[in-house]
Amino acid sequence: MMQIDPDVLEAIGSATVKGPALYLSGQLDIKLYQRVNLALSAVGGKWSRSRQAHLFPVAAADAVALLLNTGEVTTDDERGWYPTPAPIVRRLLELADLTPGCEVLEPSAGRGAIAEPAAARGAVVDCVELDPSRADRIRAGGYARNVTTGDFLAVPVNRRYQRVIMNPPFADRQDIRHVERALRFLKPGGLLVAVMFGSLTFRHDRTTRDFLARVREARGTVTELPDDAFPTLRVRTVVTVIPVREAPPAPRYNRHAPRPEDFNTRPRTAQQALFFTAEPTVHGTTPLDGYGGGAPISSRQDRNFG
């Protein structure tokens with residue numbers, strides 16, 4: 001949790017609020033304004049040049065109430081959340097190969113950096129976001145069909161999606177846990193596209209090895225992104241693409257095949273009768289009596305076994 005300086009609290013407390021807008025009073029020193037902006041951004045506020053105010057997805061008074069009461073706030077860095085830059089979003093969407101009407105899930109959706117352009121391409125998008133203020137921002141955007149506020153790892157599985165496109169948290173291999181769970185939301189024939197921590201390519205712990213083995217088994221790919229893909233993060237990242245294969249068809253039932261009871265429950269003489277008969281077959285061959293071998297009647301030779 002980040003403690004908020006008294007002068008920052010005073011500047012926010014003296015601001016004027018009107019609906020979703022918060023208007024700061026007077027002209028703040030540049031360094032003070034930067035700290036105020038950081039605190040307001042942490043609770044969902046975004047500076048609007050045209051309105052000359054910070055705009056929130058909910059009533060501004062509600063958004064800053066907890067901040068003013070506790071004097072602290074959790075920043076995005078502390079939550080392990082880093083917005084997906086626009087060039088990376090475009091690459092993810094190209095890999096996802098979206099079609100109009102395609103049902104897409106974005107877990108850990110943040111402020112909708114992936115969900116909004118996916119919806120603009122005609123996809124039907126559902127989002128899951130842990131932070132209430134960011135979830136409210138997505139709802140206010142109107143591009144998502146459903147927005148669930150909560151921890152993605154605790155959301156009930158619903159295997160209905162054709163695509164999952166995601167930028168999960170990286171700390172403590174959370175990206176692996178989130179991706180493995182996200183795969184359970186995909187229909188057979190679906191595709192998962194995820195930004196993941198670059199350590200996936202060089203770590204040798206069991207969790208990483210097992211995950212990469214499953215990616216290879218699914219014929220997925222892991223591709224390194226440029227070093228500057230996330231300028232604020234400054235770590236290596238990769239894009240992982242995992243297809244969910246169609247289930248193999250169930251073996252067809254042959255109704256003409258002998259049933260197990262034909263061999264297990266009948267008397268021995270009845271079992272033999274399944275194979276030996278005294279009559280010619282419908283194809284004009286001799287009975288399979290162990291001697292003629294099913295040869296045509298006209299070519300059968302008499303044999304003397306005396």
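These numbers come from the heavy atoms of this one structure, side chains and all, not from hydrogens, waters or symmetry mates.
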| task | Using the side chain to side chain contact (heavy atoms under 4.5 Å, CB included) rule, pick out the option among L200, V195, I88 that qualifies with T237. | result | V195
Any donor-acceptor pair under 3.5 Å from [X] side chain to [Y] backbone:
| X | Y | answer |
| --- | --- | --- |
| T99 | C102 | no |
| N69 | A65 | yes |
| E116 | A113 | no |
| R159 | L186 | yes |
| R181 | F152 | yes |
| R184 | V157 | no |
| E129 | G110 | yes |
| S14 | E10 | yes |
| E106 | A115 | yes |

| Got more than 12 heavy atoms from elsewhere within 6.0 Å of CZ, R51? | no
| request: Could you tell me whether E217 atom CD has more than 12 heavy atoms of other residues or ligands within 6.0 Å of it? | output: no
Determine whether [X] and [Y] fall in the same hydrophobic cluster, where Ile, Leu, Val, Met, Phe, Trp and Tyr are linked whenever their side-chain heavy atoms lie under 4.5 Å apart.
| X | Y | result |
| --- | --- | --- |
| V104 | V241 | yes |
| V17 | I4 | yes |
| I165 | V124 | no |

| request: Only counting residues at least two apart or in another chain, list the ones meeting salt bridge (Lys or Arg N to Asp or Glu O under 4.0 Å) with D205. | output: R173, R203
Could you check whether any side-chain heavy atom of [X] comes within less than 4.5 Å of a side-chain heavy atom of [Y], counting everything from C-beta outward?
| X | Y | result |
| --- | --- | --- |
| I242 | F211 | yes |
| D7 | R35 | yes |
| H54 | Y23 | no |
| S108 | N167 | no |

| request: Give the ring-plane orientation class for F197 versus F170, where under 30° counts as parallel, over 60° as perpendicular and anything between as tilted. | output: parallel
Solution key, residues 139-151 side-chain donor-acceptor pairs under 3.5 Å, sequence neighbours excluded:
| residue | atom | partner | partner atom | Å |
| --- | --- | --- | --- | --- |
| R139 | NH1 | D136 | OD1 | 2.8 |
| R139 | NH2 | V147 | O | 3.2 |
| R139 | NH2 | T149 | OG1 | 2.7 |
| Y143 | OH | R111 | O | 3.3 |
| R145 | NE | D126 | OD1 | 3.0 |
| R145 | NH1 | E103 | OE2 | 2.9 |
| R145 | NH2 | E103 | OE2 | 2.8 |
| R145 | NH2 | D126 | OD2 | 2.8 |
| D151 | OD1 | L153 | N | 3.1 |

| said: Within this structure, what is the CG-CE distance for the pair L105 and M166, rounded to the nearest 0.5 Å? | reply: 8.0 Å
